[in-house]
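Worksheet: one structure, shown below.
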Amino acid sequence: QLQLVESGGGSVQPGGSLRLSCAASEFTLNYYTIGWFRQAPGKEREGVSCISSSGGSTNYRDSVKGRFTISRDNAKNTVYLQMNSLKPEDTAVYYCAARQTYSYIHCFTEYEYAYWGQGTQVTVSS
């Protein structure tokens, strides 16, 4: 069974940057669409970004467009989320998730993702 591990979270000031990584502890990520989701305290989990297995297609929620970049290095079996110009409202636990198909429509549909990491905390505060 595919297992995902997130890393790279931490605490930064507004305007700062972080790069999150999503890696497979076992098996390859190369065949999977990967999504990044986040959940802030007291709020529902929401989709942030997703990337197709080849890396050729990506999608972002409107609030992070121009600030976040999703990418993957299949040779390293890792997917990244580069987060720039971070805002306090970006504070959340960030999760990566995997699915075997890609869809723009279902990019942020949680039930389409069969495999989930345990999350990494991102805190943006002054």
Side-chain angles (χ1 to χ4, degrees):
Q1 185 177 106
L2 182 65
Q3 295 180 319
L4 305 176
V5 179
E6 303 95 337
S7 62
S11 297
V12 297
Q13 294 182 340
S17 297
L18 287 172
R19 188 179 74 163
L20 306 184
S21 298
C22 175
S25 59
E26 298 179 13
F27 306 103
T28 180
L29 293 177
N30 295 2
Y31 306 111
Y32 296 91
T33 291
I34 302 297
W36 284 98
F37 295 78
R38 65 187 182 186
Q39 187 167 26
K43 299 182 67 176
E44 295 184 356
R45 186 149 53 192
E46 63 183 17
V48 178
S49 184
C50 65
I51 186 168
S52 61
S53 59
S54 68
S57 298
T58 60
N59 202 1
Y60 303 88
R61 72 179 299 108
D62 288 344
S63 63
V64 308
K65 288 180 179 177
R67 300 189 298 119
F68 291 10
T69 302
I70 191 170
S71 63
R72 68 192 304 157
D73 187 340
N74 283 348
K76 296 182 178 180
N77 203 31
T78 303
V79 174
Y80 304 99
L81 184 68
Q82 179 67 45
M83 305 185 296
N84 298 326
S85 302
L86 283 163
K87 304 175 181 180
E89 49 263 48
D90 296 318
T91 295
V93 176
Y94 283 70
Y95 302 87
C96 67
R99 59 183 290 182
Q100 291 183 300
T101 59
Y102 180 85
S103 172
Y104 285 109
I105 295 174
H106 298 298
C107 179
F108 303 138
T109 303
E110 290 188 34
Y111 78 84
E112 295 285 350
Y113 292 84
Y115 309 101
W116 291 79
Q118 296 186 14
T120 185
Q121 177 71 48
V122 171
T123 302
V124 185
S125 62
S126 300

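Reckoned from all heavy atoms, side chains included, excluding hydrogens, waters and symmetry mates.
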Criterion side chain to side chain contact (heavy atoms under 4.5 Å, CB included) on Gln1 and Tyr115, from CA distance to verdict: CA-CA 9 Å; Gln1 185 177 106; Tyr115 309 101; 3.6 Å; yes

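- Crowding of Glu89 atom CD: a count of heavy atoms from other residues, nucleotides or ligands under 6.0 Å exceeding 12.
- Surrounding CD of Gln118 are at most 12 heavy atoms belonging to other residues, nucleotides or ligands under 6.0 Å away.
- Between Trp116 and Glu110, some side-chain heavy-atom pair lies under the 4.5 Å cut-off.
- Put simply, the residue from Tyr94, Tyr113, Tyr95 that forms a ring pair (Phe, Tyr, Trp, His ring centres under 6.0 Å) with Phe37 is Tyr113.
- With contacts defined as side-chain heavy-atom distances shorter than 4.5 Å, the pair Met83/Val48 does not qualify.
- At least one side-chain heavy atom of Ser49 sits less than 4.5 Å from a side-chain heavy atom of Leu81.
- Residues Ser54 and Tyr102 have side chains not in contact (no heavy-atom distance under 4.5 Å, counting atoms from C-beta outward).
- Between Asp62 and Lys65, at least one side-chain N (NZ, or NE/NH1/NH2) sits under 4.0 Å from a carboxylate O, which counts as a salt bridge.
- Residues Ser125 and Ser11 have side chains not in contact (no heavy-atom distance under 4.5 Å, counting atoms from C-beta outward).
- Leu20 has its side chain out of reach of Glu6: every pair of non-hydrogen atoms, C-beta onward, lies at least 4.5 Å apart.
- Of all heavy-atom pairs spanning Asn74 and Ser53, the tightest one is ND2-O, 3.1 Å.
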Audit row: Thr101, Arg99, side chain to side chain contact (heavy atoms under 4.5 Å, CB included) steps and yes/no: CA-CA 6 Å; Thr101 59; Arg99 59 183 290 182; 3.3 Å; yes

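- Listed here is the closest heavy atom pair of Arg72 and Val79: CB-CG2, 3.7 Å.
- Evaluated for a side-chain contact (heavy atoms from CB on, under 4.5 Å) with Thr91, the options Val122, Val12, Val124, Leu86 yield exactly one hit, Val124.
- In this structure a side-chain-to-backbone donor-acceptor pair under 3.5 Å is present from Asn77 to Leu29.
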